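Everything on this sheet refers to the single structure shown next.
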Amino acid sequence: MKKIAVLVSGGGTNLQALLDAQSRGEIVNGEITAVISSTPDAYALERARNAGVPGHVLARRDYPSAQAMTLALVDKLKDLSIDLVVMAGFMTIVTGELFAAYENAVINIHPALIPSFCGKGAYGLHVHEQALACGVKVSGATVHFVTEECDSGPIILQKAVDVLPDDTPEVLQRRIMEQCEWKLLPQAVSLFCQDRLAVDGRMVRILPQGQPPAALTGGFK
Ligand code: GAR
């Protein structure tokens, strides 16, 4: 059983989707054993408490640098024997030490179809403001492995929805959360926990159930 830590900063609706999926038995071979928040008063911590999952706070302002905070985060994750780190609305910059310690084991949900509307300044509602300003006809969400380069690690799952003529950023955000994010993130976490994600460069192949992980078969060609 893989141990999962969910990193949050705010409302935590994606955390809730994971907790709900877990209670329905949809996170196969995985268990959310920790929630770590970058803000002490995040509502996500309340959601963790309600689900009986231990919550921890790791605030950037308590550390002299992003690197110092990242090192403290890695220590905490190792102390808790975490196998998979899920960024679910985690709005704090982390440095390379996290990805060195958890190579291809940190995943993030982004509320757009990467490589559109991502990178610096593209977070939360801003992403949907950018999409509407650009006049796109579809947008959506992406779950990807996190690497040092912002929002550009190997893509695990994506899903699109239509952008409608009268959409506001809030309306589009809600549609993307409901129809994309809250479905994709639990699916990706469950696939990871079943060793069904084989990473080869920028490509992620989803292995059929029951197939040994690529590492055991010498990778896929
Ligand atoms: C979600 O829409 C998530 O995709 C986004 O922040 C929101 C957090 O909501 N993440 C990013 O923009 C990361 N670049 P939540 O706290 O209710 O899950």
Side-chain angles (χ1 to χ4, degrees), residues 4-22 27 32 34-51 53 55-60 66 70 73 85-95 98-99 106-134 136 138-161 163 167-189:
I4 304 161
V6 185
L7 309 189
V8 295
S9 297
T13 63
N14 279 288
L15 167 66
Q16 191 65 55
L18 287 167
L19 293 167
D20 292 347
Q22 174 163 279
I27 308 289
I32 300 164
V35 170
I36 301 177
S37 175
S38 64
T39 44
D41 55 355
Y43 184 65
L45 286 169
E46 181 79 27
R47 296 182 191 271
R49 234 185 328 273
N50 291 340
V53 177
H56 309 262
V57 175
L58 219 127
R60 169 69 180 83
T70 303
L73 174 61
V85 182
V86 180
M87 293 181 166
F90 187 63
M91 303 300 188
T92 298
I93 302 283
V94 291
T95 55
L98 176 62
F99 316 117
V106 182
I107 70 177
N108 179 51
I109 177 92
H110 184 75
L113 297 171
I114 287 176
S116 292
F117 313 118
C118 61
K120 203 165 181 286
Y123 60 90
L125 210 53
H126 298 306
V127 178
H128 309 295
E129 288 164 359
Q130 290 175 15
L132 291 177
C134 199
V136 292
V138 292
S139 192
T142 304
V143 182
H144 63 99
F145 284 110
V146 187
T147 56
E148 249 190 289
E149 212 181 315
C150 186
D151 290 338
S152 63
I155 290 170
I156 302 169
L157 295 173
Q158 288 187 305
K159 189 168 190 292
V161 292
V163 176
D167 275 350
T168 62
E170 290 80 3
V171 167
L172 181 58
Q173 178 183 53
R174 184 74 191 182
R175 184 178 312 122
I176 288 174
M177 281 179 156
E178 283 177 358
Q179 295 184 27
C180 307
E181 297 187 44
W182 301 342
K183 294 183 173 146
L184 291 188
L185 190 58
Q187 277 172 19
V189 166

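These values consider heavy atoms only, across backbone and side chains, with no hydrogens, waters or symmetry-generated copies. Please read these numbers as outputs of a predicted model, since none were measured by experiment. First listed ligand is number 1; within each ligand, the first listed atom is number 1.
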Discussion item. Can you list everything that forms a side chain to side chain donor-acceptor pair (under 3.5 Å) with S9? Sequence neighbours excluded, please.
Written reply: S38
Considering non-hydrogen atoms only, spot the tightest contact between [X] and [Y] and give its length.
X    : Y    : value
I176 : P111 : CD1-O, 4.3 Å
C150 : G119 : SG-CA, 3.9 Å
P40  : L45  : O-CD1, 3.2 Å

Worksheet item: Can E170 and R174 be counted as an ion pair, charged N to O under 4.0 angstrom?
Response: no
Worksheet item: Does K120 come within less than 4.0 Å of D151, counting only side-chain N to carboxylate O?
Response: no
Could you pull out the N/O contacts under 3.5 angstrom between ligand 1 and the surrounding protein atoms?
| from | atom 1 | to | atom 2 | distance (Å) |
| --- | --- | --- | --- | --- |
| ligand 1 | 2 (O) | E181 | OE1 | 3.0 |
| ligand 1 | 2 (O) | E181 | OE2 | 3.0 |
| ligand 1 | 4 (O) | E181 | OE1 | 2.7 |
| ligand 1 | 12 (O) | G124 | N | 2.8 |
| ligand 1 | 14 (N) | H110 | ND1 | 3.3 |
| ligand 1 | 16 (O) | G12 | N | 2.8 |
| ligand 1 | 17 (O) | G12 | N | 3.4 |
| ligand 1 | 17 (O) | T13 | N | 2.8 |
| ligand 1 | 17 (O) | T13 | OG1 | 2.6 |
| ligand 1 | 18 (O) | T13 | N | 3.4 |
| ligand 1 | 18 (O) | N14 | N | 3.0 |
| ligand 1 | 18 (O) | N14 | ND2 | 3.0 |

